[in-house]
2 protein chains.
Amino acid sequence: MPQQKKPQNPSVKDKKGTKTSKSLIKRLPVYLRILDNLIRRDVDIISSRVLSDETGFTAEQIRKDLATFGAFGTRGTGYNTSYLREKLLKITGLDKQIRIVVVGSGHLGKALTRYNILKNPYVEIAGIFDANPAELNTEILGIKVQAMEDMPRLIEEQSIKVAMITVPAEVAQAVVDLLVENGISAILNFAPTKLRAPAGVHIHNADLTIELQSLIYYSLEREKE
Amino acid sequence: MPQQKKPQNPSVKDKKGTKTSKSLIKRLPVYLRILDNLIRRDVDIISSRVLSDETGFTAEQIRKDLATFGAFGTRGTGYNTSYLREKLLKITGLDKQIRIVVVGSGHLGKALTRYNILKNPYVEIAGIFDANPAELNTEILGIKVQAMEDMPRLIEEQSIKVAMITVPAEVAQAVVDLLVENGISAILNFAPTKLRAPAGVHIHNADLTIELQSLIYYSLEREKE
DNA sequence: CAGTCTGTGTTAAAATATTAACAAGTTTGT
DNA sequence: ACAAACTTGTTAATATTTTAACACAGACTG
C-alpha cells in the first residue's frame, strides 16, 4: 500500500479563474459516486484509467477535469480515493449537508422525494409542500406534506437555498416566483415548461418526457454514411 | 393570415450527412412541445424570435437547428406551426406512435409510467415488468405489472425498440443485457450506474441524484471575477 | 411596381469542449 | 543507485457548438 503525499491546493475555485463548464460540473457527482463505491470496497488508490472504466468518460478527460481544480493525484500512482472524494465534496459544495425543499407532492414529487431520501446521501429533504389540502399531512417516509403558507418560514429558518419543483406546468412560474422571493437560488424543475427567474437564480430543467422523446431519435434504424 | 408556400425537403436526414449533435436532438422535443401549445392556441405562424422567448434558446440557434434538416420557414414571415411540427415529428421519429416497455415497478417506475401516460402524447407504455412477485398484477392507470418472463414475448410481438429502466443499480446491467438480447436498441436508464451495451444500442442516463447534486454547485454564493 | 420591412438560411467568426501528446514525478525491480 | 514501467498534469491540436453577421426571399405599402 503505497504512501501518498497529499498535494496541497486549498482553493476550491478553478485555478485560472476561468468559469468552469457546465458539462464538467455535471461529471463531478459521477466521480463522487464512484469514489463512494470504491471507498466502501476499501480501495485506496485509483488511476484515471480505472475511473474511466467505471464512469465511461475517457481517462484524459477525467485527468483534465480534476486538474481544473488542482493537482489531486500522484504521478506514477494515481489518486487517493478518500482524498479525492474530500476535494470533490468541497468543490461541489456537498461537503456540508444540503437541505432542500420539494414543492408538489403528486406521484412524481413523492417518488422523487423518496428516491432522494433513500439514494442521495448528500441532500436532506427539509420539507415538502403542496397546494392541495387533501395532501396535507400525508407522509413520505416520515416527512409530512405541509401547506404552501408554511414554506416561507421553513426556508428562512433553515436558510434553504435549493428547491425541487414537481408541480403542474400551469402553476410552475408562480411557484418559482414565490421561491425566489423567499431566497431560493437554485431550482430543479420537473415541470415541462420554460421558467423565468432573475439573474443569479439557477434553474435546471429535468423534463422527463424530453429525455424519452430524444431517445426515440436514436432508436430508429439509420443507415450510417 | 399570410398564405405560405411550403418548402420541400422530404429528407429527414441532415443535409450535409454530418452527424447531428446530441444537444441539437435534445432541443427538438422542446420545439415540438412549444409547437403543440401554439397550435392548441390556433397560432399559425411563429418567428424564431418568439420561439426563443418560449424555449429560452437563442433565435439564432433555433434557426440554425431547424436549418440543419431543411428550409422549413418562409423568409420575412416565420415558420408555419403545423408544418414545422409535422417536419419535427418526422425527424425525431415521433410521427409514429412509439411503444416502450418499463422495467422496474418501484415507486419511481410507477411515477414515471404514470407521468408518461398522462403527459407524453408521443409514447405509449406497452408493458411494465418487475421481478418482485408482490408487484405482479398491481395496476398503474390500468396497466398491469407483469413478470419478467413475459417480457421477451411482448417485445417481440410488438417489435418494441425502446425501454425505460428503474431497477436497483445492482441488477441494472443484467436487465440491460436481457433487453438487448431481445432486440431493444434504446434504453433510458434511471439507475445510478454505468451500463454497458453493444455498439448500436443507445443508453441515456437520467440520474436524478446527479441533477440535484450538480445544482448544488450553482447554489453556492461565488464571488464572480 | 418600386421601395421598404421583416425574418429566414447561410456563411463566417468566436467560444467551448474533447482528444492527443508528452514532459515530469513516483514507484518498483534489479 | 539506476533503469524501466507507470500515471499524472500540462500544453497543444482538433473537433464541436454557439454566436454573430448578412445576403436573400417573400410580403406589405403607397
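Each chain gets a letter, A, B and so on, in the order its sequence line appears, and its residues count up from 1.
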Mind checking whether A:N80 and A:T74 have side chains closer than 4.5 Å, heavy atoms only? no
Starting at the 5' end of DNA chain C, which residue's closest nucleotide do you reach first, A:R75 or A:K22?
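Here A:K22 is the residue nearer the 5' end.
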Atom [atom1] of [X] to atom [atom2] of [N]: distance rounded to whole Å?
X	N	atom1	atom2	result
A:L28	C:dA17	CG	C1'	15 Å
B:I45	D:dG26	CD1	P	14 Å
A:R49	C:dT19	CZ	C1'	14 Å
B:L66	C:dG7	CG	C1'	13 Å
B:K64	C:dA14	NZ	C1'	13 Å
A:R63	D:dC6	CZ	C1'	11 Å
B:F57	D:dT17	CZ	C1'	14 Å

Out of D:dA20, D:dG9, C:dT10, minimum distance to the side chain of A:Y79 belongs to D:dG9
Check: From B:L118 CG over to B:T113 OG1, what is the distance, rounded to the nearest 0.5 angstrom?
Finding: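 Going from CG on B:L118 over to OG1 on B:T113, the span is 10.5 Å.
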Can a side chain N or O of B:T77 be found less than 4.0 Å away from OP1 or OP2 on D:dG26?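 Indeed not, no polar side-chain atom of B:T77 lies that close.
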- request: In sequence, state the C-alpha distance, the side-chain angles, and the governing distance for B:Q173 and B:D177, and then conclude on side chain to side chain donor-acceptor pair (under 3.5 Å).
  value: CA-CA 6 Å; B:Q173 184 62 59; B:D177 294 346; 2.9 Å; yes
